[in-house]
Structures are given as structure tokens and as C-alpha cells.
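Step one of this worksheet: look at the structure below.
For clarity, every value in this text was computed on a predicted model and none was experimentally measured. The chains referred to below are lettered A, B, ... by the order of the sequence lines, with proteins before strands, and numbering in each begins at 1.
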Protein chains: 2
Amino acid sequence: MNRERVLEAAVTLADEIGIDALSMRRLAQEVGVVPMALYKHVADKEDLLDGMVEVIIREIDPPVLDSCWRDAIRHRVLSARSALHHHRWARQAIESRSKPTPSVLEYQDSFAGIFLAGGFTPDLAHHVMHALGGRMWGFTQELFGGSGNPKGNAQPPASPDAQAEMFAHMARLYPNIVTIATATPHDDDSVVGRGCDDQYEFEFALDLLLDGFERLHRRRWTSER
Amino acid sequence: MNRERVLEAAVTLADEIGIDALSMRRLAQEVGVVPMALYKHVADKEDLLDGMVEVIIREIDPPVLDSCWRDAIRHRVLSARSALHHHRWARQAIESRSKPTPSVLEYQDSFAGIFLAGGFTPDLAHHVMHALGGRMWGFTQELFGGSGNPKGNAQPPASPDAQAEMFAHMARLYPNIVTIATATPHDDDSVVGRGCDDQYEFEFALDLLLDGFERLHRRRWTSER
DNA sequence: ACAAAAGGCATACGTCGTACACCTCATTCC
DNA sequence: GGAATGAGGTGTACGACGTATGCCTTTTGT
């Protein structure tokens, strides 16, 4: 029983019960050990979460170097996305860290490297990485995600007429949201605002940004401070 | 002593000690009351946080309707940004909510309204709101923000030579990050990845997106599903 | 005047992270 | 071979946390 086994168990347990329900005690029970035993392999819970993030990062494809920067970035981002998609709690975990671990820095460094190798000035590379923001990790800013928070509060489907009244109610209060939400089909039955980070939406935003980057890059944009 | 006073006290207390350190007990002590007394005005802690978010939203300027969509969006976003800037914990609080409250929906609805009034199709409006993501609230996805988490872990400035060695160490491990980070001055002494969401960076990304929206809008983009 | 509601209080339970002391081995060194 | 060492598992305990429950006091509506 070493650190790696603990982290692995933590990851699969978080997959099952969500990151909020993951406690040291629950994890200890899962690996068949007394809670305090975990502290021989992990400094504290923060360290545990750092380790879990590390595990996720290892699942992301390494950068491909033999293609143009745009393809390389796009591939890497979508690979990160698919890795995080298998661990719904990962987004929250990554964002909750207060200090970047070495593996996180390494990940970001590889991104910077792709831009620089593609001929971006450090200045522009800096700004575009900011603009990418969390999309670098494969997720849009999902407000009200419920990621890794699978509480049992999924209310029963409700009767059709109650549903209809609910819809009318929404349309009265938030006409624009309803207009927009009904314009495009969604994976789930949510409206804008609930975490509907569809693949299509994600790639839409990603490509919009990449287009912008390309344009700036071509016209030799500089921040002229 | 009503709900409003409780929320107000919670907001100012969170401003002081951060959102993580804000507990029901600590808040009760602050308003000079026993912990359980709070539950007469607030259903539970979730409800408290919802209420705090509501308070913040009220600080955001109402939408300006007599200008083009682009100015209206830009103004609203920057107003939200400045409101959230005064309450560093707000970002985390907003993102931690699992269900949108009415005031949050109203806020998002007003955004949708601006796009629709500007002639966007519901389809395009939908996608651009996704692309905006959290920037709608005035923040970039800040990884490792420490927002509202002002722990006392700010180590002393360290000696200049130790600092130099640290820098050399970083440059060896993460050459690209260091290249990029030193290309542009920052408010704080952080590198890319630590929450350096400068105003300039934010507006850079925002305008990049708005440019993209404008282009799509002009060429009558559709998702052609 | 009196019932009812609203609002504050005291106690208590279960959960959490983790400090601390102890124990039990396997390994290492003479 | 026997003692020292140290890594790894254990047991107990502490102080936080959110909050259920029940009681009491004060205000309010009739």
C-alpha cells in the first residue's frame, strides 16, 4: 500500500460518490484501513487532492509536436476534455487548488511551448493563454455544474401538465432565456445557465478563440504597452 | 434583525475572512446571536450563499438599453467585474451554487435580451452566451485563484539570492512559462497559472470574443444542425 | 385579553480533518 | 544473532462544523 494506490482508490471513489462526499474516513474505509493510516502516504487532504489532479493529468495525451500550433493546441485541449469528462469531479478539484503543483505547471508549460514553437511572440502567447483560461483544461466555465456533486436531488419527472405550467412560468419570467434555450437542442433538458457544456458548444467557443488567435498572430499583434 | 441584515453581515464578514472561513457559527457570533438563531432567517447554509450571491448581483449596474448590443454587453460585463472585484469570494460562491436562483436567471435573461435585441438569432445568441461563459460574470477562469481564501500562507519575501535561485530553478523546469511570464509585466509577481486576471488580460479576451461574435453576426452564421 | 406566530436560545448528534502516542514488524548494522 | 531503526498501521481524542429538536420570550393580529 503506497501513495499511488491511495490516489488511485481516491480517484475511483470520487468517480462513484463525487468529490464532496469524498472524506478521508470514507476513503480509508474503502481501502480497508483506519483513517489515520492514510496520513503515512499523504500529507493532508489538500495533498490528496493535488495527487488526484496529478493522476488526471497523466491521462491527458502528450503534446503532438509535428503539426501546426493550432492543431496541436486543439488536440491537446480536446484530449484534456475527454480525460476530465471521465472524472466529473476533476474540474472542481482543479479549480479548488490554491497553488499549482509541478505537474500542473508542466502541463501549462507544454501549452506555452506549443504557442512559442508556432512562432507566437511571448507577449501574444501570454495573452492567448489567458484568453483560453479554463478551456486549456477542456472545460467551459460551467455555472451550476453539479460536477462531481451527484446529490440525490433529481426530482421525479413530474406530470406533463405540471411540466407545461412550469414552462409557461419560465417563459413569463425569463422570456429571453427560454427563447434561446428552445432554439437549440441540448443533451439534457436544461436551460442556459445550468451546466450544459455540450461538446458542440465547447468546440464552438474553442474555435472562435483559435480563429481570433490566428488573426492576431498573422497581423503581428502586440500589446504595445 | 431580518434576512437582509444577516446577508449583509455575511457579505462583509466574507470580505474580511474569506468564504472558506465563513461558518454559520462565526457569522452568528458576528451578528451577536446564537448559531441556531440564523436558521430563522435562512433555510440552511446553501440558502445563505444563494442570498449572498443575490446581494452581489444587486450591485451590478442594470443593463443599458439605448446603445448597440456590443457596448451594452461590454458595459454590463465590466460592471459585473467591478462588483465582483470588491468581493473576492464571489466568484467561488457563484460557481459553487448547484441551482440557479431567480435573480441569477434574471441576470442571465437580461444578457440574452441584449443579444436578441441586437438582432442575434436565438441560435447564435445561445452559442455566444456559452462562449462567454463565466466572463458574463466578469471573471476569467482563474486557476489557483486563492479568491476569498486569504490564508496566512504568504511566506516572507525571501532573500534576493534565494529568489534568484528560485527563478533559475523555474526557468530550468518550465522555460516556456518563464519566457511568457517575463514578457509582460503583472500586477503581482506571479507566473501564468496563478490567478493573474488583470484587467488588461480580461478585456483582451472579452474583446477577442466580441470581435468573433460580431463577425459571425454579420455573416449571418447559423449552426446548421 | 388572548391565541398565535415569530424569533432567539440551549442542548445534542453525527461528521469532518487531523494531532499525538503507541504498537508491530521488517530491515539494517555491529 | 541480537539490538537499533524506522516505516507503516492503530486507537483515542479534540475542536470545528452544519443543523434537528424543543423550549422560551416577545411581538402581533383579532
Classify the side chain of A:Lys45 and the base of C:dG17 as holding, or not holding, a donor-acceptor pair under 3.5 Å. no

Atom [atom1] of [X] to atom [atom2] of [N]: distance rounded to whole Å?
| X | N | atom1 | atom2 | result |
| --- | --- | --- | --- | --- |
| A:Tyr39 | D:dG8 | OH | P | 17 Å |
| A:Ile19 | C:dG17 | CD1 | C1' | 15 Å |
| A:Leu38 | C:dG17 | CG | P | 10 Å |
| A:Asp44 | C:dG17 | CG | C1' | 9 Å |
| A:Met24 | D:dG11 | CE | P | 17 Å |
| B:Leu27 | D:dA16 | CG | P | 17 Å |
| A:Lys40 | C:dT24 | NZ | C1' | 12 Å |

Does the side chain of A:Glu59 pick up a donor-acceptor pair with the side chain of A:His86 at under 3.5 Å? no

So what does B:Val34 touch, heavy atoms closer than 4.0 Å: a base, only the sugar-phosphate, or nothing? base

Quick check: A:Phe115 with A:Phe111 (ring centres under 6.0 Å apart)? no

Looking at A:Arg5, I want to see if its CZ is surrounded by more than 12 non-hydrogen atoms of other residues, nucleotides or ligands under 6.0 Å.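 No, not enclosed.
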
A:His126 side chain near B:Glu201 side chain, heavy-atom distance below 4.5 Å: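 Yes, close enough: below the 4.5 Å cut-off.
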
